[in-house]
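FYI, the numbering just counts along the sequence from 1.
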Amino acid sequence: MSRQVRTRAEENPSSVTRAPKRAVCPRGARELLECSLEPSFLLELPTGAILCANRLACEVLRLPCDRLRELRFDQLVPPMAVVDIRQALEDLATGSPDHHTITTTIGAGDEPPTPAEIHLSSFQWGKNHFAVAMIRDMSRVLAAESALRASQEHFHHLLEFTTDGASSLLVGSDGCFELEWITERFSKVLGYPIEKLSTFDSWMDILHPDDRQKVLNQLKKLLAGSVVHVELRLITTAGETRWIDCISHPSVAPETGQVFRVINVLHDITERKRAAVELQQSREFLERLVNAIDDPIFVKDEQHRWILLNDSCVRMMGHPRHELIGKSDYDLFPPEQADVFWDKDTYVLETGRTDTNEEQISWSGGLHTIATKKSLLVDPSGNKRYIVGIIRDITDRVQMEKVVRMHRDHLEELVKQRTVELERQHAQLREAHEELQHLYRMKDEFTAIISHELRTPLVTGLGYLEMLLADRLGYISPQARDKMGVARRNLKRLAGLIDDLLTFYRMTRNSDAYHPALAPLDLAGLYTECMEDYLVRNERPASSVSIEVTEGTPLVLADEEMIRRVVANLLDNVARHAGAHAHARLRATPVGLSKVQVEVIDNGTGMSLDMHRAAFDPFVSSSKLGRGAGLGLAIVKYIINAHNSEVTIDSPGNQGTRITFTLPAVR
C-alpha cells in the first residue's frame with residue numbers, strides 16, 4: 001500500500017495556487033544533479049516549479065522524483081519562509097543578484113522537517129531561465145553548535161569561581177619591578193600582548209593619569225610588606241577605560257626581610273562600576289519621575305512608617321520631608337482618621353490585596369475627600385514588605401457629582417412630567433387615528449355603494465337612449481334626437497366617472513385583482529385602436545391625434561388591457577384639459593436594448609405649478625369646467641407602478657404637457 005504524503009501547501013490549501021504550464025527540463029539536467037554531493041533541485045524561474053531532483057533530494061524529502069515534479073519549491077518550506085523563497089526566485093529571474101542563501105527548514109508530508117541551508121543560483125538554457133537549489137543538511141552543524149554552546153556555558157560557570165586575571169612581579173634589590181608571568185585572559189581584557197606588559201613603565205603608561213599617584217603611594221606600602229587593595233583604571237588599546245580591583249600580596253625573603261616577589265590578583269569590575277553608576281542614575285531618574293507625578297505617592301514599612309514621599313505628598317502633608325520620614329499617621333492626623341488609615345494598612349499587609357478607599361482627611365485647613373489606593377510590595381528576598389499608596393484629591397469631583405445628581409433628579413422629574421403629557425397626547429392621537437380609520441371605511445363603503453347604485457340605472461338609461469336613437473322604438477323628431485344625443489353624451493361621461501371610481505376603489509382595496517398579466521404587446525397596433533376609440537368617444541377630427549413609432553421598436557412586455565386603459569385615460573385627459581384645438585401625439589421610442597419609452601404629448605395650455613405637483617394625486621382635477629373626478633392620472637400612476645416603472649410629467653406652462661414612462665422590451 002502506498003503511503004499517503006501531504007506537502008505543507010496541501011495542509012494549508014489557501015496558500016496553493018495552480019502553477020502555469022512548466023518549461024521543459026533541459027536534457028542531461030538530471031544526470032548533472034546526480035553528480036552533486038548535496039540534495040539538489042532544478043527549478044523553473046520565476047515560478048519555482050520543480051523540474052527534477054536528484055536521488056539525495058528524494059531521500060531527504062521521502063518523496064519520489066515524479067511526485068516532487070508536481071510541486072513548487074516554496075511548497076517544501078514553512079509559511080514563514082515562503083515570501084523569502086519567492087522573492088529570491090524573482091531576483092534570480094532578473095539576474096540581480098544571481099544567487100541567494102536562505103536558512104530555514106525543508107520537508108514534506110508528516111515527517112519532521114530538516115534544518116537546511118538553501119543555496120539558490122540561476123543559469124539560462126536557451127530562452128528559459130532556471131535555478132539550481134542545493135540543500136545543505138544543517139542537523140549535524142546545529143548539533144555541534146549546541147554541544148559547543150553547552151561546553152561554553154559549563155566553562156563560563158567555572159570562570160565564575162576564578163579571577164579575571166593574575167600576575168607575578170619580581171622585585172629587584174633596587175626596588176624595580178619585572179614581570180614574571182601574567183594570565184593570557186587579562187592580556188585579552190586590555191588588548192595588549194603579554195610582551196607589552198613586561199615592564200613597570202609599560203604598566204604606568206596604560207594607567208589612568210588620575211590614578212598614577214595613588215598607585216605609587218600604595219607601592220610604598222607594598223614594598224614595606226603590607227597587603228595592598230586598590231581600585232584603579234587602565235586604558236585598553238581601544239581607548240576604553242576599564243576599572244580593575246587589584247589585591248597585591250608581597251613575598252618577603254626571610255634572610256633579608258625584603259620583598260622579592262608580588263602576586264597580584266586582578267578583577268575586572270568595570271561592569272560593576274557601570275552598574276553602580278546606572279543604578280544611581282536610575283535612582284535619580286525614578287526620584288525625578290515620582291516627584292513629577294501630581295498625585296501624592298508614599299511608601300510605608302511594616303511598622304506603618306513613611307520611608308518615601310514624593311513632592312506632591314510632602315506638599316499635601318504640609319510638613320518638610322525630614323519631619324515626615326519615620327513617622328506614622330498618628331503623628332499627623334486626628335486619632336479617628338489615623339485609626340482608619342492604620343486598619344487599611346494592616347489589611348494590605350495581612351492579605352496582600354490591593355485596597356481602594358475614599359477617605360476624609362484634614363488638609364490645608366479644610367476637610368478633603370481623597371481616593372487612596374494601597375498595594376503590597378515585597379522585596380526580591382521576600383523578607384521585607386512595603387505599602388505603596390497613591391492618593392488623589394477627589395473633593396471637586398465629589399462636589400460635581402452632587403451637583404450632577406441634583407440636576408439628574410430634576411431632569412428625571414421633568415421627564416416623568418413630560419412622559420405623562422406624551423402619554424395623554426398619544427391617547428388622543430390614537431383616538432383620532434381610530435376615528436380617521438372609521439371615516440376612511442365609511443368613505444370607501446359610501447363610494448362603493450354610490451358607484452353601484454348609480455351604475456345600475458345609468459346602464460338602463462343609456463340602453464333605452466341607444467334604442468331610441470337607433471329608431472328601434474319608433475320615429476323621433478330631429479329636435480328630440482338632438483336632445484337625446486346631449487343626454488347620451490352626459491350619461492356616458494357619468495358612466496366614465498363611475499368606472500374611474502370603481503377602478504380606483506378596486507385598485508386601492510384589492511391589489512391582487514389588478515396584478516398585470518404580462519404578455520408581448522405591439523404598441524403601434526394598440527395606439528391605432530386607442531386613437532380610433534378616442535376620436536369616436538370625444539367626437540374629435542382625425543387630425544387631432546398622430547402616432548409616432550420609431551422604426552425597429554420592439555414589442556413590450558405588459559398587460560394589454562391595463563396599458564390600453566393608461567393610453568385612453570391620457571388621451572381623455574388631453575380632451576378635457578388641453579383645449580378644444582389641442583393636438584395629441586402618441587410616441588414610442590427604444591431606449592437601449594431593454595426598454596421602450598412611451599410618451600403622450602399635447603400642445604395645449606399646460607398646467608400650473610401647483611397642479612403639476614399634485615397631478616397624480618386622486619380626486620385632483622385641473623378642469624375649469626369641473627368635469628371629471630380627478631382619478632385619470634391616479635389610475636395611470638397605479639398601473640405603471642404595477643409594471644415596475646415610473647411615470648413622469650413635464651408641463652413647462654403654456655407649452656403643452658408631456659407624460660412619459662418606460663416598459664420592458666421583449667428580447
Side-chain angles (χ1 to χ4, degrees), residues 1-139 141:
M1 181 182 295
S2 61
R3 183 161 58 97
Q4 293 290 332
V5 178
R6 296 181 300 162
T7 65
R8 296 182 180 180
E10 291 170 330
E11 295 174 356
N12 185 14
S14 63
S15 66
V16 179
T17 57
R18 183 176 297 276
K21 184 176 180 181
R22 304 187 179 192
V24 178
C25 180
R27 298 178 58 185
R30 182 176 179 84
E31 289 75 7
L32 290 175
L33 290 183
E34 291 296 342
C35 296
S36 174
L37 299 179
E38 302 286 352
S40 302
F41 301 83
L42 180 64
L43 309 178
E44 180 188 44
L45 290 178
T47 65
I50 300 176
L51 301 179
C52 64
N54 66 0
R55 177 180 52 81
L56 294 176
C58 297
E59 291 176 356
V60 168
L61 297 176
R62 297 178 178 84
L63 289 178
C65 187
D66 292 341
R67 181 70 177 93
L68 286 174
R69 284 199 296 268
E70 298 175 359
L71 305 176
R72 297 192 314 272
F73 191 70
D74 59 9
Q75 294 177 264
L76 304 178
V77 298
M80 64 186 66
V82 169
V83 175
D84 294 337
I85 290 294
R86 291 178 179 175
Q87 184 62 50
L89 293 174
E90 291 180 3
D91 293 344
L92 293 175
T94 60
S96 176
D98 60 358
H99 65 277
H100 271 277
T101 300
I102 299 174
T103 302
T104 180
T105 60
I106 188 168
D110 298 328
E111 299 294 337
T114 301
E117 186 176 71
I118 303 174
H119 298 275
L120 294 166
S121 58
S122 64
F123 70 93
Q124 186 173 356
W125 184 287
K127 296 182 179 180
N128 295 323
H129 292 269
F130 303 92
V132 175
M134 300 184 65
I135 311 301
R136 182 184 178 192
D137 189 347
M138 299 296 292
S139 301
V141 175

E90: salt bridge (Lys or Arg N to Asp or Glu O under 4.0 Å) partners, not counting sequence neighbours: none
Reported CD-to-CG distance for the pair E44 and L89, which is rounded to 0.5 angstrom: 10.5 Å
side-chain contact (heavy atoms from CB on, under 4.5 Å) partner of C52, chosen from L33, L68, D66: L33
Residues that D137 engages under side chain to side chain contact (heavy atoms under 4.5 Å, CB included), provided they are two or more places apart: T114, S139
Partner of E117 by side-chain contact (heavy atoms from CB on, under 4.5 Å), out of I106, T101, T104: T101
Atom pair CG/CG of L63 and L76 - distance to nearest 0.5 Å: 8.0 Å
Residue list, side chain to side chain contact (heavy atoms under 4.5 Å, CB included) with D74, at least two apart or on another chain: R72, V82, I85, R86
Shortest non-hydrogen separation from M138 to A116 and the atoms involved: CG-C, 3.7 Å
Flag side-chain contact, heavy atom, 4.5 Å: V60 against I135: no
C58 versus P64, closest heavy-atom pair with distance: SG-C, 4.1 Å
Contacts of type side chain to side chain donor-acceptor pair (under 3.5 Å), residue E34, not counting sequence neighbours: none
Closest contact, heavy atoms only, S40 versus A57: O-CB, 3.7 Å
Closest heavy-atom pair and its distance - G48, L43: O-CD2, 4.0 Å
D84 vs V77 side-chain heavy atoms within contact, under 4.5 Å: no
Euclidean distance, L51 CG relative to R69 CZ, rounded to 0.5 Å: 9.0 Å
Test side chain to side chain donor-acceptor pair (under 3.5 Å) applied to S122 - qualifying residues, sequence neighbours left out: none
For P46, side chain to side chain contact (heavy atoms under 4.5 Å, CB included) partners two or more places apart: A93
Inter- and intrachain pairs under ring pair (Phe, Tyr, Trp, His ring centres under 6.0 Å), touching residues 67-123, at least two apart: F41-F73, F123-F130
With T103 via side chain to side chain donor-acceptor pair (under 3.5 Å) - residues at least two apart: none
Set of side chain to side chain contact (heavy atoms under 4.5 Å, CB included) partners for L56, sequence neighbours left out: P39, N54, E59
Flag side-chain contact, heavy atom, 4.5 Å: L42 against I50: no
